[in-house]
> 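One structure follows; several queries about it will come next.
Remember, it's a predicted structure, so these values are computed and weren't measured experimentally. Side chains are part of it too, since the values below use all heavy atoms of this structure and drop only hydrogens, waters and symmetry mates. Here is how names work: the chains are called A, B, and so on, in the same order as the sequence lines, proteins then strands, and each is numbered from 1.
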Protein chains: 2
Amino acid sequence: MFSERQQQIVETAIKIIAHKGIQNLTIKNIANDIGISEPALYRHFGSKLEILKGVIEYFKIKMKPALEKLEESTNSLNKIECFISEHLKIISLNPDFAKVIFSEANFQNEENLILKMNNMMNQSHKILETIVQYGQKKDEIRSDINSLTIVRIIIGSMRLLVTQWSMSGMIFNLETEGKQLCDDIKKLMREG
Amino acid sequence: MFSERQQQIVETAIKIIAHKGIQNLTIKNIANDIGISEPALYRHFGSKLEILKGVIEYFKIKMKPALEKLEESTNSLNKIECFISEHLKIISLNPDFAKVIFSEANFQNEENLILKMNNMMNQSHKILETIVQYGQKKDEIRSDINSLTIVRIIIGSMRLLVTQWSMSGMIFNLETEGKQLCDDIKKLMREG
DNA sequence: CACACGTTAGTGAACACTAACAAAGATAAT
DNA sequence: ATTATCTTTGTTAGTGTTCACTAACGTGTG
């Protein structure tokens, strides 16, 4: 899908957005960081917009394993634990993701981009919602709470944790703190 | 604090960020929207950065009543309900806030702005944490869950709800959906 | 000799911001 | 009451800088 150079460009773009904000994502900055000229970039992407589309595509590819791993668990609560820990593991390994992935607002003015980003997010939410509903039917998850609320709680707290981790300058261990969050969520989901 | 014109400029800036993204927040766009010339803006704010500082200050002022109202409740769970509903009420009345207020990343490259925004957020979090801890001591909130986790769940799910509301084009009623979220959270907090 | 991938040099447009000037209202001395 | 002056808030016309992007050209490889 991506050539080596294209991947390098996308990774550099993510790095710049993470460290300097999207306002400083310019062709010049990407080119300088890589060490090639600006027109050279246009050999690999037709426009700046194409690079941003590449960024979202890159996220999709990198995040996919987190969803595939879910198949391995049978119990619903284990699936939820897996959902959280696998996502946090990937973000932990790619710290620059944290500052970019949950700031949909960054891509706001480009209809196509916001749509692409939303689709990616909604896909995750739908998968989690299915897990929760199935878990409620099998009595592994309490049924007196709206399934949509449970999804919002899981994803919302997970996102906030990532945001806090990123904003704090990665001062704490994301996976350790994620384990605590996960254990508490499992405790909340079980009883009732 | 703000003159009438300054307030108009800040409100216009928020409107532009919400509808066109921060990349399109330009002096020209603000001036055109208001119907004055660009240099006229500089009579009221020294620079574009000062306008962005004004945006954050404006949020602080508008959000303050949500925190003040908390004093009226005695029970911890009622305080939490109040925290959620009052915040959602204000955002519901100012829909443009939704797209701007939870996208800290927008202000990323300006150290001062990110600090100001973080301070505002952290203040809310600290207040909620105090409420939760007091509630746990008084046995109004279950104590087998980390207080920090509870805060993350409440704020995280609230923020996600607002983001979803904003992204969906305000297709659902924020306060109604917030009431459901709030009831479910109270249910989760009580037992144990 | 074709093609992939790079270069230098430059395009017009948009950006934040400024210099210089104008008009209106308030203040205050005559 | 009239005049003079200051302040506030606007204007037009520009500044230099940076932006995304392009034209034309080089060079090494199959």
Side-chain angles (χ1 to χ4, degrees), chain A residues 1-58 100 105-114 116, chain B residues 1-58 100 105-114 116:
Chain A
M1 204 79 182
F2 286 133
S3 72
E4 253 180 67
R5 194 56 116 190
Q6 280 178 320
Q7 192 167 325
Q8 186 187 19
I9 291 169
V10 167
E11 283 167 359
T12 306
I14 292 171
K15 187 172 121 190
I16 290 171
I17 295 175
H19 288 94
K20 303 181 188 172
I22 194 143
Q23 302 97 311
N24 285 308
L25 181 73
T26 63
I27 300 294
K28 185 185 191 144
N29 282 345
I30 300 173
N32 282 352
D33 194 285
I34 293 177
I36 57 175
S37 66
E38 298 178 48
L41 274 187
Y42 287 92
R43 297 279 177 213
H44 306 280
F45 285 98
S47 68
K48 187 181 167 183
L49 182 58
E50 292 299 318
I51 296 176
L52 281 171
K53 282 183 191 168
V55 166
I56 294 175
E57 200 57 40
Y58 188 81
V100 188
N106 278 339
F107 304 116
Q108 215 155 64
N109 60 329
E110 263 301 336
E111 275 304 321
N112 277 338
L113 288 184
I114 197 172
K116 255 177 168 299
Chain B
M1 206 77 181
F2 286 132
S3 71
E4 252 179 68
R5 194 56 115 188
Q6 280 178 321
Q7 191 167 324
Q8 187 187 20
I9 291 168
V10 166
E11 283 167 358
T12 305
I14 292 170
K15 186 173 121 192
I16 291 172
I17 296 174
H19 289 94
K20 303 182 188 170
I22 195 146
Q23 301 99 308
N24 285 306
L25 181 73
T26 63
I27 299 295
K28 187 185 189 140
N29 282 346
I30 300 173
N32 282 352
D33 194 285
I34 294 177
I36 57 176
S37 65
E38 297 178 49
L41 274 188
Y42 287 91
R43 297 281 176 210
H44 305 282
F45 285 99
S47 69
K48 188 182 168 182
L49 181 59
E50 292 298 317
I51 297 176
L52 281 170
K53 283 183 191 167
V55 166
I56 294 175
E57 197 59 38
Y58 188 81
V100 188
N106 277 338
F107 304 116
Q108 215 154 62
N109 60 330
E110 261 301 337
E111 275 304 321
N112 277 337
L113 287 185
I114 198 173
K116 253 177 169 300

> Separation of A:Lys48 atom NZ from C:dA13 atom C1', in whole Å?
15 Å
> Please pick, from C:dT8, D:dG10, C:dC17, the nucleotide with the shortest atom-to-atom distance to any side-chain atom of B:Glu38.
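So the nucleotide nearest the side chain must be C:dC17.
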> How many Å lie between CD1 on A:Ile30 and P on D:dA20, as a whole number?
8 Å
> What pair of heavy atoms forms the shortest contact from A:Ile16 to A:Leu25, and how long is it?
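Looking at all heavy atoms of both residues, the shortest contact is CG2-CA, 3.9 Å.
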> Side chain of B:Pro39 only, heavy atoms from C-beta on: which candidate in D:dA20, C:dC15, D:dA13 is closest?
D:dA13
> If you compare every side-chain N and O of A:Arg5 against the phosphate oxygens of C:dA4 (OP1, OP2), does one of them come in below 4.0 Å?
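The answer is no; no side-chain N or O of A:Arg5 sits under 4.0 Å from OP1 or OP2.
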> Looking only at side-chain atoms of A:Arg43, point me to the closest of D:dG10, C:dC5, D:dT11.
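In terms of side-chain proximity for A:Arg43, the closest of D:dG10, C:dC5, D:dT11 is C:dC5.
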> Between A:Lys53 and A:Lys116, is there a donor-acceptor pair closer than 3.5 Å when you use the side chain of the first and the backbone of the second?
no
> Atom OH of B:Tyr42 to atom C1' of D:dT15: distance rounded to whole Å?
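Going from B:Tyr42 (OH) to D:dT15 (C1'), I get 13 Å.
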> Tell me the closest heavy-atom pair linking A:Ile9 and A:Ile34, and the distance in Å.
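Residues A:Ile9 and A:Ile34, closest heavy atoms: CG1-CD1, 3.6 Å.
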> On the nucleotide D:dT8, are OP1 or OP2 found under 4.0 Å from the side-chain N or O atoms that B:His44 carries?
no
> So B:Leu25, base contact, sugar-phosphate only, or nothing? Heavy-atom distance under 4.0 Å.
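Here B:Leu25 touches the backbone only, sparing every base.
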> On a heavy-atom basis, which atom in B:Tyr58 and which in B:Gln7 lie closest, and how many Å separate them?
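Taking every non-hydrogen atom into account, CE1-CG, 3.9 Å.
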> Select one nucleotide: of C:dC17, C:dA16, D:dG10, the one nearest the side-chain heavy atoms of B:Ser47.
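Per side-chain heavy atoms of B:Ser47, the pick is C:dC17.
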> Base, sugar-phosphate alone, or nothing: which one does A:Ser37 contact when heavy atoms must sit under 4.0 Å apart?
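Base contact - A:Ser37 has a heavy atom under 4.0 Å of at least one base atom.
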> Using heavy atoms to find the nearest nucleotide of DNA chain D for A:Gly46 and A:Asn29 separately, return the residue whose nucleotide is more 5′.
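Taking each residue's closest nucleotide, the earlier one in sequence belongs to A:Asn29.
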